[in-house]
Visitor: 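The structure under discussion is supplied below as structure tokens; questions concerning it will follow.
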2 protein chains.
Amino acid sequence: MAEQEPSPHITIADVAKRAGVSIATVSRVINQTAPVAAETAARVRAAIGELNYRPSAAAKGLASRKTNLVGLLTTEISAPFFTPILRGMEASAREAGFGLLIYCTQDEPSPAPGFHRPMGPHNTDGLVVFAGSLEETELTHLHEIDFPVVLLHQAPPNSLNIPYITFENKAGARKLIDHLIEEHGYQRIAFLRGPENHEDSYWREMGYREALQAHEIPFDPTLVATGGFNQEKAQIPVEKWLRRGVQFDAIFAGDDEAAIGAITALQRAGKRVPEDVAVVGFDDVHLAHYLMPPLTTVQAPVEQAGREAVRQLVRLIRTGRADELVLLPTELVIRRSCGCN
Amino acid sequence: MAEQEPSPHITIADVAKRAGVSIATVSRVINQTAPVAAETAARVRAAIGELNYRPSAAAKGLASRKTNLVGLLTTEISAPFFTPILRGMEASAREAGFGLLIYCTQDEPSPAPGFHRPMGPHNTDGLVVFAGSLEETELTHLHEIDFPVVLLHQAPPNSLNIPYITFENKAGARKLIDHLIEEHGYQRIAFLRGPENHEDSYWREMGYREALQAHEIPFDPTLVATGGFNQEKAQIPVEKWLRRGVQFDAIFAGDDEAAIGAITALQRAGKRVPEDVAVVGFDDVHLAHYLMPPLTTVQAPVEQAGREAVRQLVRLIRTGRADELVLLPTELVIRRSCGCN
DNA sequence: TTGAAAGCGCTAACAT
DNA sequence: ATGTTAGCGCTTTCAA
């Protein structure tokens, strides 16, 4: 006599019953995986609509071995630099019919081993890994089991053939420094490095050195310090230079954040930017346009990087192949902090 | 004679076999759902480690009817204002052991009915819905089927008892306008409304009106226009006022974006801020500090709003109950655009 | 404290 | 063109 509790969720069986077909047919019209008579399909669709049915992702995933999810592993989600990337990734995933799962590692790059991995084959179809958010051993493991991964702003370790996306950092820096030398005649150009082992930073330095060399300006190690892509950290070396009376015409700050720090330090010491010292950055963060003076920098197609990362990842998931390397072009953005206008 | 293809994924059965126990026992040690002998548990854990096992989210979800995922539905993910919210949500979800799935509706609030809903009971355990990202009918439907939802910056429709989180918009605006009147003696204070039907905008206007009234300044409709929480849109009414020769001492821009637009329009017309016209915003976006002049505004605990939204959602998922309304305090941030200093 | 086994709601191979 | 059915890898009774 026990009443049958109605299932809290509508399942494919409910739809099938209502449409007077088998669950296989329902599955077919939903996934368009085999021909179904037009009239039958219409009945099924009607039933789906009337019942407000939506297939369970879990059941679907279990049966098909696909989650239809891509994961993003990153160190920090709200950095001004990262925001457009995320937007691009989300849009790209949505357009490809994938959901986007995000996880921040907050500095410590995925410390949890094995059992605690937040993302992987168990809950996603593939991963976009942002620079520094996953240890090499984990990356290697994922590669070994053939799990789709795309790297953002970081080359794969041990020359594993994992696709990666990054900017033309070197070319961008080169254009920037060329401008400083050729248009403004600056000779003593200081450089604020990014964090240790940061690839973007490395290539920007290469561009810097190449530009100096091309103009026969000797590389001066005393004009190079670490700004860490960070406002506060960048102020310190600038203050030190100022205190020591080091002479320079311009500062290439490594990125826009560091440029803000450099400008702050300079202005605090009573220097005018760009009259006394020019400052240039890299990234063309939203803020760059609003600074006083507006920042001359290098624009990178940040949103497109996010889009491209997911696009390649989806290709990898679907076809098993993707471009080994996507190098996005950078462009000089001349505003006033370099001395122009 | 066909060779048995080894399953590409390690399953609970592999772990069970290796540990010499049943799959039920493995499940028990993983989920701590029933007592297991210490020594047995150790063997199981060892097997898990050796096999690098990670339970399939799909199988787990199908069996337990939990996805362990919370969803975020929003209109725009990379707005300066939204970024810290996202960060707070991610951190909060991560700490609670939930994954975070995101979906942007790009203006059109979830147009897709029934079958195409991107998020809901079929793929998440609950949803954070940001203002304007979900139609009322959908919201009502979710409420009817008792699906956990928390609203951010939007009150529930039809007085449904859906928890929601927002700022003390009215109190913040009140403090801001009080400051303008009491400290600077401004009498003619213009107001740039946000988008139509935007609750934040509504309450900010209430605070504005209340402040005027408290100081016996008549409300003047000609000093109110729509800025739409948007730089470009905000410039238009300001330019119009200027053209018409409307007199005002200050502009309350509704939010920081509109404030930037207002400042731009003013400066373009040769007006000095704050000497000729003061401008104040709302939100205290990252940028506000760097503007010329630095923007006086109202700081809202944006990241905390994100944290709180997920916190309440997780409570709702786990216990079935959450606070009906969380009102986060706002604080005046005095910089220079109001005329201080 | 442990194991056996019945689902969870789908997909996909195989029939018809 | 459609139906039947065997899993997918877990959780969760129910027994032992």
Side-chain angles (χ1 to χ4, degrees), chain A residues 2 4-45 47-48 51-69 115 120-123 125, chain B residues 2 4-45 47-48 51-69 115 120-123 125:
Chain A
Q4 189 69 27
E5 273 293 326
S7 163
H9 289 313
I10 289 132
T11 75
I12 197 171
D14 300 318
V15 176
K17 188 188 297 178
R18 178 158 194 138
V21 298
S22 73
I23 62 167
T25 298
V26 175
S27 175
R28 284 177 190 120
V29 350
I30 290 174
N31 303 303
Q32 312 195 39
T33 182
V36 173
E39 192 233 343
T40 313
R43 257 181 15 248
V44 169
R45 270 190 286 270
I48 288 175
L51 295 175
N52 217 331
Y53 169 71
R54 193 79 178 72
S56 147
K60 200 163 183 150
L62 184 55
S64 67
R65 291 114 187 306
K66 292 166 183 310
T67 63
N68 245 291
L69 257 31
F115 189 67
H122 63 284
N123 59 356
D125 292 341
Chain B
Q4 189 69 29
E5 274 292 326
S7 163
H9 290 312
I10 290 127
T11 74
I12 197 172
D14 300 317
V15 175
K17 189 190 292 179
R18 178 157 194 139
V21 298
S22 73
I23 63 169
T25 299
V26 175
S27 174
R28 285 176 188 123
V29 352
I30 289 174
N31 302 305
Q32 311 194 42
T33 182
V36 173
E39 192 232 345
T40 313
R43 256 182 14 250
V44 170
R45 271 189 286 270
I48 287 174
L51 294 175
N52 217 331
Y53 168 72
R54 193 79 179 69
S56 147
K60 201 162 182 153
L62 185 53
S64 66
R65 289 110 188 306
K66 293 168 184 307
T67 62
N68 244 290
L69 255 33
F115 189 67
H122 62 284
N123 60 356
D125 291 341

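Letters A, B, ... are given to chains in the order of the sequence lines, protein chains preceding strands, and every chain is numbered from 1. Everything numeric here is computed off the predicted structure, so don't read it as measured data.
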Visitor: In whole angstrom, give the distance that lies between atom CG of A/Asn123 and atom P of D/dG9.
Guide: 15 Å
Visitor: Could you please name the option among D/dC8, C/dC10, D/dA1 that lies closest to any side-chain atom of A/Arg65?
Guide: D/dC8
Visitor: List in numerical order all residues of residues 37-44 of chain B for which some heavy atom is under 4.0 Å away from an atom belonging to DNA chain C.
Guide: B/Ala37, B/Thr40
Visitor: Can you measure from CG (A/Leu51) to OG1 (A/Thr11) and round to the nearest 0.5 angstrom?
Guide: 9.5 Å
Visitor: Output all residues satisfying salt bridge (Lys or Arg N to Asp or Glu O under 4.0 Å) with A/Arg28, sequence neighbours left out; order by chain, then residue number.
Guide: none
Visitor: Starting at CG of A/Asp14 and ending at P of C/dG9, how long is that distance when rounded to a whole Å?
Guide: 9 Å
Visitor: Under 4.0 Å between a side-chain N or O of B/Thr25 and OP1 or OP2 of C/dG3?
Guide: yes
Visitor: Please collect all salt bridge (charged side-chain N to carboxylate O under 4.0 Å, His left out) contacts where either partner lies in residues 32-43 of chain A, sequence neighbours excluded, each pair once.
Guide: A/Glu39-A/Arg43
Visitor: I'd like to check the side chain to side chain contact (heavy atoms under 4.5 Å, CB included) partners of A/Ile12; sequence neighbours left out, ordered by chain and number.
Guide: A/Ile23, A/Val26, A/Ser27, A/Tyr53
Visitor: If we fit an axis to the first five pairs and another to the last five of the helix from C/dT1-D/dA16 to C/dT16-D/dA1, what angle do they make, to the nearest 10°?
Guide: 30°
Visitor: D/dT12 C1' sits how many Å from B/Gln32 CD, rounded?
Guide: 17 Å
Visitor: Return a single string for nucleotides 11-16 of chain C, one symbol per nucleotide in 5' to 3' order, where B is base contact, S is sugar-phosphate-only contact and - is none, cutoff 4.0 angstrom on heavy atoms.
Guide: BBB---
Visitor: Quick one: list whatever passes side-chain hydrogen bond (donor to acceptor under 3.5 Å, both in side chains) with A/Asp125, sequence neighbours left out.
Guide: A/Thr67
Visitor: Give the rounded distance in Å between these two atoms: CD1 of B/Ile48 and C1' of D/dC10.
Guide: 13 Å
Visitor: Verify side chain to side chain contact (heavy atoms under 4.5 Å, CB included) between B/Ile30 and B/Ile48, making sure each step is shown before the conclusion.
Guide: CA-CA 9 Å; B/Ile30 289 174; B/Ile48 287 174; 3.9 Å; yes
Visitor: Kindly write out the residues that satisfy side-chain hydrogen bond (donor to acceptor under 3.5 Å, both in side chains) with B/Ser56, not counting sequence neighbours, or none if the list is empty.
Guide: none
Visitor: Nearest to the B/Val36 side chain among C/dT2, D/dG3, D/dG9, which nucleotide is it?
Guide: C/dT2
Visitor: In whole angstroms, how far is the C1' atom of C/dA6 from the CG atom of B/Leu62?
Guide: 13 Å
Visitor: Can you list the residues that meet the side chain to side chain contact (heavy atoms under 4.5 Å, CB included) rule with A/Ala47, with sequence neighbours excluded?
Guide: A/Val15, A/Arg18, A/Ala19
Visitor: Between A/His9 and A/Asp14, which heavy-atom pair has the shortest distance, and what is it?
Guide: O-OD2, 3.8 Å
Visitor: Can you tell me how far P of C/dG9 sits from NZ of A/Lys17, to the nearest Å?
Guide: 13 Å
Visitor: Between the side chains of A/Asn123 and B/Lys60, is a donor N or O closer than 3.5 angstrom to an acceptor N or O?
Guide: no
Visitor: Report yes if a side-chain nitrogen or oxygen of A/Thr11 is closer than 4.0 Å to either non-bridging phosphate oxygen (OP1 or OP2) of C/dG9; otherwise report no.
Guide: no
Visitor: Check side chain to side chain contact (heavy atoms under 4.5 Å, CB included) between B/Ser22 and all other residues, then give those that pass, not counting sequence neighbours.
Guide: B/Ala24, B/Thr25
